[in-house]
Amino acid sequence: MSNIVDKKVLVVTGATSGMGRALALEAAGAGYEVVATGRDPQRMESLRQAAAERGADLEVRHLELTDHVEVAEVFSDVARAHGRIDAVAAQAGGIYALGTAEQITMEGFRYVMERNFFGNLAVIKAALPHLRASRGRLVVTTSANGVIGAPFNDAYAASKFALEGAVESLAPAVARHGVRTTIVEPGPVATDLMAPRRFGRLLPNEVIADSPYPEPLELLSRIISGTGGAMQPPEEVGRKILGLLTQERPPLRFQTAPWVGEFVAPKLAADLDGSRTSAAHEAYLALAD
């Protein structure tokens, strides 16, 4: 077993499905002490069974992102139980609401923001004191739609834009305490978020019928619901995120596939990995030295 990861304590949020589940299982098999969190009891048990079948040692804890008191308590308890936290992979917060701002209710918009943005912000706030102590790693998964918006993705893109901005802003400050931060930007991944039944629930037919843009909205719904074969497997993304955790100097930004880089290139062509942004941050902070 590699000394690089042996006994390193990794907390993974959103670990009971999709990319988070894949990362938790891969990391446990690689020698990390993994604390995997989720909120669905059945999925939590499924993750325990999957880890046992692999012969991997993995701890599963309940975590509700919208309960910010519970988030702080879980991280404090993990640090007490394990003696430290070396890395945190914030994978949770994939709530989708397909439609325009005029179609999505204010309550629906707030729900998406609460889970995708504020929930992850609570995780980051709870994790950073422990990561500063260990000079650890923070990986926050957003989305390609956190860089470039897409039609009928108003609420989802807004939440991911907000998360990207917050993490990009805190990265240079925590780097001075030895904490390396990476923003992971995947495109569509074959997870429950993109399942057709999920779209049936979040985009009822009456919303399409009442929309001032019925044709493009219905078309987009069909396209997204039927692109399973073109989506990136969560296991592939999980392995790539695991690789970021062992890089000596991980990038500020990381796109999970070449085509994702091409998609965000209209905005980030000159700085896909965030190296220029990081250099600008350092120059800015140097003014205070």
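Taking hydrophobic clusters as Ile, Leu, Val, Met, Phe, Trp and Tyr residues chained together by side-chain heavy-atom distances below 4.5 Å, Leu244 shares a cluster with Met19. Two different hydrophobic clusters hold Tyr156 and Val147 under the rule that ILVMFWY side chains link at heavy-atom gaps under 4.5 Å.
Checking Thr277 against Asp271 by side-chain atom types alone, a donor-acceptor pair falls below 3.5 Å. Under 3.5 Å, the side chains of Thr256 and Gln232 contain a donor-acceptor pair of N or O atoms. For the residue pair Glu114 / Thr66, no side-chain donor-acceptor distance below 3.5 Å is found, with atom types taken as modelled.
For the pair Ile148 and Phe263, the minimum side-chain heavy-atom distance is below 4.5 Å. At a threshold of 4.5 Å between non-hydrogen side-chain atoms, the residues Leu65 and Val123 count as touching. Between Gln255 and Val264, some side-chain heavy-atom pair lies under the 4.5 Å cut-off. The shortest side-chain heavy-atom distance between Val78 and Val74 falls under the 4.5 Å cut-off. Within the 4.5 Å cutoff, no side-chain heavy atoms of Met113 are placed close to those of Arg110. Contact of the Glu164 side chain with the Glu185 side chain is registered, since non-hydrogen atoms from C-beta on lie closer than 4.5 Å. Within the 4.5 Å cutoff, the side chain of Leu10 has no heavy atoms near those of the Val88 side chain.
Partner of Tyr32 under the side chain to side chain contact (heavy atoms under 4.5 Å, CB included) criterion, out of Val9, Val12, Val11, Leu242: Leu242 alone. The one candidate from Arg61, Arg39, His62 that meets the side chain to side chain contact (heavy atoms under 4.5 Å, CB included) condition with Met44 is His62.
For Glu262, there are no salt bridge (charged side-chain N to carboxylate O under 4.0 Å, His left out) partners two or more places apart in sequence or in a different chain.
Scanning both residues, Ala50 and Arg21, for their nearest heavy atoms gives CB-NH2, 3.3 Å. Across all their heavy atoms, Leu58 and Ala36 have their closest contact at CD2-CB, 3.9 Å.
With respect to Arg115 and Glu64, a salt bridge is recorded, a charged nitrogen being found less than 4.0 Å from a carboxylate O.
The environment of CG in Asp57 is sparse: at most 12 heavy-atom neighbours from other residues, nucleotides or ligands sit within 6.0 Å.
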